[in-house]
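Sequence positions, counted from 1, serve as the residue numbers for this chain.
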Amino acid sequence: MSTTIRRPLTLIFLILAIASAAMSMLQSLLNPALPLIQQELHTTQTATTWILTAWALSAAASTPLVGRMGDLFGKKRTILFALGAIVAGSILATFAPSIGLLLAGRVLQGLGGAVFPLAFGLIRENFPAARVAGAVGIMSSVIAVGGGLGSVLAGPIVDALGWRALFWLPAAVVAVVAIGAAFVLPESASRPGGRLRPLGAVLLAGWLVALLLPLSNGSRWGWASPLTIGLFVLAALLMLVWIRVEATSPTPIVDMKMMRLPAVWTTNLVAFLFGAGMFAMITFVPQYVQTSPAQGYGFGASVTLAGLVILPMTVGMAVGGAFSAPLTRLLGYRIQLMTASAMGAIGSALIVIEHFALWQIALACGIYGLGLGIAYAALTNVIVNAVPAHQTGVATGMNTNIRTVGGAVGTAVFGAIVTSTAGVAGLPTAAGYTGAFVFITITGIAATAAAALIPGRRPAREASDPKTTVETAAPTHAEALEAEASVVIATAGAALPADEIPADIEPDLDAAPALRDGISAR
């Protein structure tokens, strides 16, 4: 490939990578700063936790919707909308004088969650088939690394610039990226048409919000409280109605037939289990090491030191993502994901067994992160290769959503296990943390079993034309019908004497040379 072609692809990838990393960091960047924000805005702990919940709800509800908009109306203009929402939300949060406006800013930031599926869609549309898997793998690792890097960078940023820098720094970076995207990113060459049906969109957002709200707040509301149970029931009802509406819609937001594909539902199951483990690790490992040793466990680490303890997880994600594409060619998706899931189980099991020194926890986090990097890249590639090009955005968006729901479930279960051992002072015991890390180990084992169900095909090899995609490398349905018709016509010709074969079916005998030979012999 010539340099004139490589340079635009490199710029496209760079723009998408920076945008995705910035959005991913917003998931975890604020976690260490919540106590400081609570103090300066003179609000309650419950209100402060909504800083995380509001972002998660907004991202979960909007990601598949905006991803579908990209599939329908063009990915470039849609990604510019998503980046603009991040900038607007970050600016609003930077100058927010109260928790209410800060939460409004976080909701706007959450609309940028669609950056992920839109980035994968643009890669699939613009990169040669031979480079799609590698590019998707690296992009997936960038997203995973961004999620871990947020917790690492938060402490130094707050110490040097204050907590509001956690908003204006992303605003500045994303604004520059948006300007570059306007000039560099190409618009989608083809769009399937159709329109967004409001009922499907409302139902999707409704059941996601009804599900994530109690998962995020059940520990404070009480898991047996009427509000928690009522929201879970509402989520189930809305999801059933949504599935019914989407299954009967001529232009659904999420194609239910697509969601039932073996490669799609099995991959989504693995993503759910990985999300459960990853978010719990990122959330609770820093809390564990920051606990005072006077409690019988913990190391009394500062926010910055706690971030450095999980830095090996971030490095492992980057390394795993970089090696994902070669591993795919060597092992195929199924074995690769089983290996990655097993590494996650081993990493969390090491914390259960050896957690008496910071280096032991850091080593375990590194192994866990290496498995995450390999898995996240492969998960996205399986989805991208399993669905038609025009469904890439919504399919990867739903996979991201399912991973987010898994994270909410995993964090809720981990927190429930830890707090169940809290004493009179309200502090959990070492046994509570040990039991919770056993839970993460179990999710890794379950992910390994789920990965074994994924179809074991390797990605399609590159055709002779380097720009041939997976779809064009295989015969289309129309071509298959044409070939079948040719054989039928040729068979009919075989029943005729050689001198009575109609001239108009002579060319079709080329589709069945053995029949032509038989006719000639007659």
> Taking only residues two or more places apart in sequence, or in another chain, which ones meet Ser98 in a side-chain contact (heavy atoms from CB on, under 4.5 Å)?
Replying inline: Leu101

> How long is the span from the OG1 atom in Thr441 to the CG atom in Leu350, to the nearest 0.5 Å?
Replying inline: 8.5 Å

>> Test side chain to side chain contact (heavy atoms under 4.5 Å, CB included) on Val438 and Ile417; report intermediate values, then the result.
In response: CA-CA 10 Å; Val438 169; Ile417 295 173; over 6 Å; no

> Going by the angle between their ring planes, with limits at 30° and 60°, are Phe232 and Trp223 parallel, tilted or perpendicular?
Replying inline: parallel

> Atom CG in Leu238, atom CG in Leu211: separation rounded to 0.5 Å?
Replying inline: 10.5 Å

> Taking side chain as C-beta onward, heavy atoms only, is Met25 less than 4.5 Å from Pro170?
Replying inline: no

> Which heavy atom of Arg106 sits nearest a heavy atom of Phe167, and at what distance?
Replying inline: CD-CE2, 4.0 Å

>> Enumerate the side chain to side chain donor-acceptor pair (under 3.5 Å) contacts for residues 234-247, please, sequence neighbours excluded, ordered by first and then second residue.
In response: none

>> If we ignore hydrogens and angles and just use 3.5 Å, is the side chain of Ser58 paired with the main-chain N or O of Ala54 as donor and acceptor?
In response: no

>> Looking at Glu40 and Leu36, would you say the former's side chain and the latter's main chain have a donor-acceptor pair under 3.5 Å?
In response: no

>> Rounded at 0.5 Å granularity, tell me how far SG in Cys365 sits from CE in Met317.
In response: 9.0 Å

> Which atoms form the tightest heavy-atom contact between Ala17 and Met139, and what is the distance?
Replying inline: N-CE, 3.5 Å

>> Quick one, Ile367 and Leu370 - any side-chain contact, counting heavy atoms below 4.5 Å?
In response: no

>> Using every non-hydrogen atom in the two residues, find where Leu103 and Ile51 come nearest and quote the distance to one decimal.
In response: CD2-N, 3.5 Å

>> Could you check whether any side-chain N or O of Thr228 sits under 3.5 Å from a backbone N or O of Gly218, counting only pairs where one atom can act as donor and the other as acceptor?
In response: no

> Under 6.0 Å from the CD atom of Gln39, do we count more than 12 heavy atoms belonging to anything else shown?
Replying inline: no

> Should Ile18 and Val173 count as side-chain neighbours, where that means a heavy-atom distance under 4.5 Å?
Replying inline: yes

> Would you say Leu240 and Trp207 make side-chain contact, with heavy atoms under 4.5 Å?
Replying inline: no

> Which heavy atom in Pro97 sits nearest to a heavy atom in Leu41, and how many Å separate them?
Replying inline: O-CD2, 3.9 Å

>> Counting C-beta onward and ignoring hydrogens, is there a side-chain heavy-atom pair between Val270 and Val382 closer than 4.5 Å?
In response: no

> Are Thr43 and Leu102 close enough, and set up right, to give a side chain to side chain contact (heavy atoms under 4.5 Å, CB included), and what steps lead you there?
Replying inline: CA-CA 12 Å; Thr43 186; Leu102 182 59; over 6 Å; no

>> Do Ile243 and Leu203 have side chains that approach each other closer than 4.5 Å (heavy atoms only, starting at C-beta)?
In response: no

> Would you say the side chain of His355 lies within less than 4.5 Å of the side chain of Phe299, judging by non-hydrogen atoms?
Replying inline: no

> Of all heavy-atom pairs between Ala119 and Leu16, which one has the smallest distance, and what is that distance?
Replying inline: O-CD1, 3.8 Å

> Under the side-chain contact (heavy atoms from CB on, under 4.5 Å) test, which residues partner Leu227, sequence neighbours left out?
Replying inline: Trp221, Ser225, Leu231

> Does Thr267 use its side chain to pair, donor to acceptor, with the backbone of Ala263 at less than 3.5 Å?
Replying inline: yes

> Is it true that a side-chain atom of Arg403 and a backbone atom of Ala271 form a donor plus acceptor pair closer than 3.5 Å?
Replying inline: no

>> If you compare all heavy atoms of Ala280 against all heavy atoms of Gly410, which two are closest, and at what distance to 0.1 Å?
In response: CB-O, 4.1 Å

> From Leu372 CG over to Thr314 OG1, what is the distance, rounded to the nearest 0.5 angstrom?
Replying inline: 10.0 Å

> Is the closest side-chain heavy-atom distance between Tyr297 and Pro428 below 4.5 Å?
Replying inline: yes

> Could you give the distance from CD1 (Ile123) to CG (Leu118), rounded to the nearest 0.5 Å?
Replying inline: 11.5 Å

> At what distance, to the nearest 0.5 angstrom, does CD1 of Ile15 lie from CG of Leu122?
Replying inline: 11.5 Å

> Given Ile351 and Tyr368, is the side chain to side chain contact (heavy atoms under 4.5 Å, CB included) satisfied, shown in steps?
Replying inline: CA-CA 10 Å; Ile351 298 183; Tyr368 194 92; over 6 Å; no

Run the side-chain donor-acceptor check on residues 84-92: report pairs under 3.5 Å with partners two or more places apart or on a different chain.
residue	atom	partner	partner atom	Å
Ser90	OG	Ile86	O	2.8
Ser90	OG	Gln109	NE2	2.8

> Okay, side chain of Arg334, backbone of Pro455: is any donor-acceptor separation there less than 3.5 Å?
Replying inline: no

> Which of parallel (below 30°), tilted (30 to 60°) and perpendicular (above 60°) describes Tyr288 and Tyr433?
Replying inline: perpendicular

Tell me which donor-acceptor pairs under 3.5 Å the side chains of residues 443-454 have, and how far apart each pair is, sequence neighbours excluded?
residue	atom	partner	partner atom	Å
Thr443	OG1	Ile440	O	2.5
Thr448	OG1	Ala342	N	3.3
Thr448	OG1	Gly444	O	2.9

> Thr266: what forms a side chain to side chain donor-acceptor pair (under 3.5 Å) with it, not counting sequence neighbours?
Replying inline: none

>> Please determine whether side chain to side chain contact (heavy atoms under 4.5 Å, CB included) holds for the pair Met281 and Phe437, giving the CA-CA distance in whole Å, both sets of side-chain angles, and the decisive distance to 0.1 Å.
In response: CA-CA 8 Å; Met281 288 281 283; Phe437 283 113; 3.8 Å; yes

